[in-house]
Chemist: 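Can you keep this structure in mind? I'll have questions shortly.
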Amino acid sequence: MKKIILTIVCFAFATVGFSQKMITRSGEIKFDATVPGAMDPVVAVSNTVSSIFDKATGDLVVQGLVKSFKFKSPLMEEHYNENYMESDKFPKTSFKGKVVGYDGKSGSYDVEGELTIHGVANKVKTKMTVTAGAKTAIAGTFVIKLNDYKLEVPAMAKKTLAETAKISVKLELENK
C-alpha cells in the first residue's frame, strides 16, 4: 500500500515538474494607430494582458480587456472606448493560435491564428520572437486594417487616426 501511495505522489510531482503550460497575467499589448507626422499620437498600452502558452503544442491564447488600454489623453481614451471599440458591448480582445513549429528553442517563429477585435474575428499571421528559458518571452507585432474589424475612421479623425494599426505584443510567461 505504501509503495502505491509513494508511486502516485512521485507521479504527481513529476507531472507538475514537467508541465508544458506557461502563463502570464501581466503581458503587454501596445496599440498604435498614429498617422505619420500627426501632432497627437494615437497610442494605448495595456499591461494586464493574460496569456497561456503550451510549449508542447505551440498553442497560444492571449486576451485583454478593452478598457485596460491607457492613453496619454483621457479624452482620446474616452473616444476609443465609447465611439470606436464600444467596450461595453465588446469588452475583450483575443488571439487564439499557434507558434508554428515551436521546438522548445529560442528563435523567430511564424505565429498564426484568429484575432478577435470589436466582435470580429480574422485570420492573422506574423513573425514573433520566442526566447526560451525558465521564463519564456514572446514578442511580435501584427499590422491590421481597422475596417477589417468594423472600426470606421470618421473623416474628421483621418488627420490623426490611421486606417491601420500596429499591435505589439510582449509576454513573459512562467510555468503554470
Side-chain angles (χ1 to χ4, degrees), residues 21-54 58-100 108-131 136-174:
K21 292 194 178 176
M22 304 194 82
I23 190 168
T24 187
R25 287 187 179 86
S26 59
E28 176 186 287
I29 294 179
K30 181 178 178 183
F31 171 89
D32 186 346
T34 305
V35 171
M39 295 286 283
D40 294 321
V42 181
V43 177
V45 177
S46 173
N47 291 306
T48 58
V49 175
S50 297
S51 181
I52 297 176
F53 176 54
D54 188 329
D59 290 341
L60 177 65
V61 177
V62 182
Q63 186 172 346
L65 294 174
V66 174
K67 286 187 177 182
S68 70
F69 285 85
K70 300 299 174 201
F71 289 79
K72 283 186 179 179
S73 161
L75 182 60
M76 197 176 288
E77 191 170 316
E78 182 180 330
H79 285 296
Y80 172 81
N81 280 300
E82 292 177 11
N83 301 337
Y84 298 107
M85 295 296 286
E86 300 176 277
S87 57
D88 288 334
K89 187 175 179 182
F90 306 106
K92 297 177 184 174
T93 62
S94 65
F95 172 81
K96 292 180 183 176
K98 186 179 259 334
V99 179
V100 179
S108 179
Y109 293 89
D110 286 330
V111 175
E112 55 189 39
E114 192 171 80
L115 179 63
T116 303
I117 299 173
H118 197 239
V120 178
N122 287 308
K123 299 278 185 202
V124 294
K125 184 176 181 179
T126 193
K127 288 268 187 204
M128 288 195 168
T129 302
V130 178
T131 307
T136 296
I138 300 175
T141 302
F142 294 97
V143 177
I144 63 163
K145 293 180 182 178
L146 296 181
N147 63 3
D148 287 347
Y149 294 90
K150 296 184 181 176
L151 297 168
E152 301 299 322
V153 178
M156 288 177 36
K158 288 193 186 251
K159 290 183 180 180
T160 56
L161 181 60
E163 293 185 13
T164 60
K166 183 168 73 170
I167 300 172
S168 303
V169 178
K170 291 182 185 175
L171 307 169
E172 190 172 298
L173 302 117
E174 300 182 65

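Computed over heavy atoms, backbone and side chain alike; hydrogens, waters and symmetry mates excluded.
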Chemist: If you take all heavy atoms of K92 and Q63, which pair is closest and at what distance?
Modeler: CD-NE2, 2.6 Å
Chemist: With sequence neighbours excluded, what pairs up with K72 under the side-chain contact (heavy atoms from CB on, under 4.5 Å) test?
Modeler: none
Chemist: Between V43 and D32, is there a side-chain heavy-atom distance shorter than 4.5 Å?
Modeler: yes
Chemist: Quick one: which of V111, I167, I117 gives a side-chain contact (heavy atoms from CB on, under 4.5 Å) with F95?
Modeler: V111
Chemist: I'd like to check the side-chain contact (heavy atoms from CB on, under 4.5 Å) partners of S68; sequence neighbours left out, ordered by chain and number.
Modeler: S46, T48, L65
Chemist: Y84: which residues meet the ring pair (Phe, Tyr, Trp, His ring centres under 6.0 Å) condition with it, sequence neighbours left out?
Modeler: none
Chemist: Tell me which one of L60, T24, V169 satisfies side-chain contact (heavy atoms from CB on, under 4.5 Å) with I138.
Modeler: L60
Chemist: Heavy-atom distance under 4.5 Å between the side chains of K158 and E163, does that happen here?
Modeler: yes
Chemist: Does some side-chain heavy atom of M76 sit less than 4.5 Å from a side-chain heavy atom of V42?
Modeler: yes
Chemist: Counting the benzene-type ring for Trp, do F69 and F31 have ring centres under 6.0 Å apart?
Modeler: no
Chemist: Check whether any side-chain heavy atom of K170 lies under 4.5 Å from a side-chain heavy atom of V49, and answer yes or no.
Modeler: no
Chemist: Determine which pairs satisfy salt bridge (Lys or Arg N to Asp or Glu O under 4.0 Å) with at least one residue from residues 108-124, sequence neighbours left out, and list them in order.
Modeler: D110-K127, E112-K125
Chemist: Please enumerate all residues that pass ring pair (Phe, Tyr, Trp, His ring centres under 6.0 Å) together with Y149, with sequence neighbours excluded.
Modeler: none
Chemist: Check the pair I23, I52 against side chain to side chain contact (heavy atoms under 4.5 Å, CB included), reporting the backbone distance first and the verdict last.
Modeler: CA-CA 5 Å; I23 190 168; I52 297 176; 4.1 Å; yes
Chemist: Taking only residues two or more places apart in sequence or in another chain, which ones pass side-chain contact (heavy atoms from CB on, under 4.5 Å) with S50?
Modeler: R25
Chemist: Given side chain to side chain contact (heavy atoms under 4.5 Å, CB included), test T160 with M39 step by step and report yes or no.
Modeler: CA-CA 7 Å; T160 56; M39 295 286 283; over 6 Å; no
Chemist: What is the minimum heavy-atom distance between L146 and A165, and which atoms define it?
Modeler: CD2-CB, 3.8 Å
Chemist: Evaluate the side-chain proximity of L171 to M22: yes if any heavy-atom separation is below 4.5 Å, no if none is.
Modeler: no
Chemist: Step by step, would you call T34 with K166 a side chain to side chain contact (heavy atoms under 4.5 Å, CB included)?
Modeler: CA-CA 9 Å; T34 305; K166 183 168 73 170; over 6 Å; no
Chemist: Is the side chain of D148 donor-acceptor paired with the backbone N or O of N122 at a distance under 3.5 Å, no angle test?
Modeler: no
Chemist: Around atom NZ of K70, are there more than 12 heavy atoms of other residues, nucleotides or ligands at under 6.0 Å?
Modeler: yes
Chemist: If you count the non-hydrogen atoms of other residues, nucleotides and ligands that lie under 6.0 Å from NZ in K98, is the total more than 12?
Modeler: yes
Chemist: Rounded to the nearest 0.5 Å, what separates atom OG1 in T164 from atom NZ in K145?
Modeler: 9.0 Å
Chemist: So, taking the atom named CG in L161 and the one named OH in Y80, what distance separates them when rounded to the nearest 0.5 Å?
Modeler: 11.0 Å
Chemist: Would you call F142 and M128 a side-chain contact if the rule is heavy atoms closer than 4.5 Å?
Modeler: yes
Chemist: Quick one: does K30's side chain get under 4.5 Å of V45's, heavy atoms only?
Modeler: yes
Chemist: What's the separation between atom CD in E77 and atom NZ in K67, rounded to the nearest 0.5 Å?
Modeler: 10.5 Å
Chemist: Indicate the atoms forming the closest heavy-atom contact of S87 with V66, along with that distance.
Modeler: CB-CG1, 3.5 Å
Chemist: Where is the tightest heavy-atom contact between T116 and A121, given as atom of each residue plus distance?
Modeler: OG1-CB, 3.4 Å
Chemist: Hey, does V62 have a side-chain heavy atom less than 4.5 Å from the side chain of S51?
Modeler: yes
Chemist: Quick one: does any side-chain atom of T126 pair with a main-chain N or O of T141 as donor and acceptor, under 3.5 Å?
Modeler: yes
